[in-house]
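Excluded from the calculations below are hydrogen atoms, water molecules and symmetry mates; all remaining heavy atoms, backbone and side chain alike, are included. Counting starts at 1 for both ligands and their atoms, following the listed order.
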Amino acid sequence: MVSESCGNPSVEVEAIMSRRPKYDKSKICIKCKVNNGAIVVRHAVYCKECFPALLSSKVKRILEPQINPKPDLSRKKSLKASGNLLVGFSGGLGSTTLLDLISRIYLSNRMEIKEEGIAKPRGGKGHPRNEPVWKKVTVCYVEIAAGFSGMTDRTETIQQLVQEKFEALDFIPLRLENAFDPTWWDRVGGKPTSDMNADLINDDLFVSTVFDSPTSEPVQRLRSYISALPTHTAIDSTIHTLIRILLLYTARSTRSSHLLLGTSLTSLSINLISSISQGGGFSVREEAQEEWRSDSMETVRLIRPLQEITMKECSMWAWWNNLRVVGKQRHPGVKQGIGALTKDFIVGLERDYPSTVSTIARTCAKLAPRVGASGSCILCERPLQPGVQEWESRISIRATAPSSPSHSSDSFSLLQSLTPYLCYSCHATLMSRSSKGVSGNITNTSLPLPVWASARLHISPSDAAICVQLDVKEADDEIWLARKVDPNEMKAAIGEFLLV
Ligand SMILES: [Zn+2]
Ligand SMILES: [Zn+2]
């Protein structure tokens, strides 16, 4: 077991870290000091009666300072969100626990109103505590089955489960292919756009508009997106990103001020390490909490209220409360990515040295980028680090790939590069080829863009004309146009400088 040791135990015997006893001092609950303990949480013992209070206080500590529009650390004011609530539900242990805890802490009053027709005032009539924190609560599930062959659609099972247990809540089923679906985009209030593809053949990722292609069905575009990704790690992180953004736009369209996800402390630590290892260091804060704003609309606050609760605590909660955990759906190949490797490592670490897992999250919470963001990434909508391209061009050796056959040298076209709009992590996700790639040689190099990305790039033909004119004006006497050249044409232009 790798995580049981530090240093090299085969050479240095002293390097083995001694295990601490499972619990400190006694088996009696540290809270009530009466009952026998039933669960050990990071060496502290709790009884079954005190455990709910422990979880509830952890959820409140994370969530409540962020409920009122102005973050309020003192929590003396009454809680009133500026909009509705959207809870992301995957069927997994974390989101099942989250939905149950949130409904017990904040929504039980609301459920009573529905069941009995009358409200049961707590703390006197008209007391602000009787006002619901959020006016409307919606649960949202994203089905990923269509992206892969051989997966079953679980939307109905999930919908039944949620509606049986939480009948007062609304349920919105989404699908991963909605990310490529103009009708869905229109439904959530997105700006009109047209299908666009990016060419993965070289680092510039030139974008072209697709007209009436037979493969423009959302499911086809999703599958084509996944098949263009170079590694299992890229597929895994892309699915995470697509789900997150589908939920954010749904939050916006349901007028939600908050989006809650059931990321436990264990999952957060896994996400942090795996995201940093994939070049996502600039947005390390966003892994824990995000303020997302699109256009001039209201800000959506993405919060992970279970971020101080370990997976073990979630399991105990689900077990003691008879919660049905359907399980998160796993797509094929997920076990081969960086995410799965990190998970094995962190879960082993949590089992053997429980305190170290919270240290990862706490240490990352102290990290902050040195410079401010220059806008947001067009794919993942997380902060964009300024100057990445210059830095990358200084440190990397690039291979020039031949231009794709679709652009012959005589068809002159104005090409737009996607790269300046991407964060380092997204660009690396798309371009990092690996010897252990998904299928060896990737034949598909045309990457369909999700609707939110093409909407930001989309320029109608009349706007395009204005754009070019402006460019010409701004450049004064020099006119710069980017176009793709054929290898022979390039060779002819630089031939005299070549040594071979
Ligand atoms: Zn107790
Ligand atoms: Zn990005």
Can you find a side-chain donor-acceptor pair between Thr233 and Thr231 that sits under 3.5 Å?
-> no

Side-chain donor or acceptor of Thr266 paired with backbone N/O of Met311 under 3.5 Å = yes

Considering only heavy atoms from C-beta outward, does the side chain of Pro305 approach that of Val59 to under 4.5 Å?
-> yes

Mind checking whether Tyr424 and Phe282 have ring centres under 6.0 Å apart?
-> no

For the Zn ion (ligand 2): protein N/O/S atoms at distances below 2.8 Å = 4

Salt-bridge criterion met for Arg301 and Glu290 (N-O under 4.0 Å) | no

Listed protein N/O/S atoms, distance to the Zn ion (ligand 1) under 2.8 Å = Cys29 SG, Cys32 SG, Cys47 SG, Cys50 SG

Under the ring-ring contact (aromatic ring centres under 6.0 Å, His included) rule, what do Trp292 and Tyr249 come out as? Steps first, then yes or no, please.
-> CA-CA 10 Å; Trp292 177 83; Tyr249 278 104; 4.9 Å; yes

Val300 and Ser256, any side-chain heavy atoms less than 4.5 Å apart = no

May I ask you to test the Phe89-Ile158 pair for a side-chain heavy-atom distance under 4.5 Å?
-> yes

Sub-4.5 Å side-chain heavy-atom contact between His232 and Ile338 = no

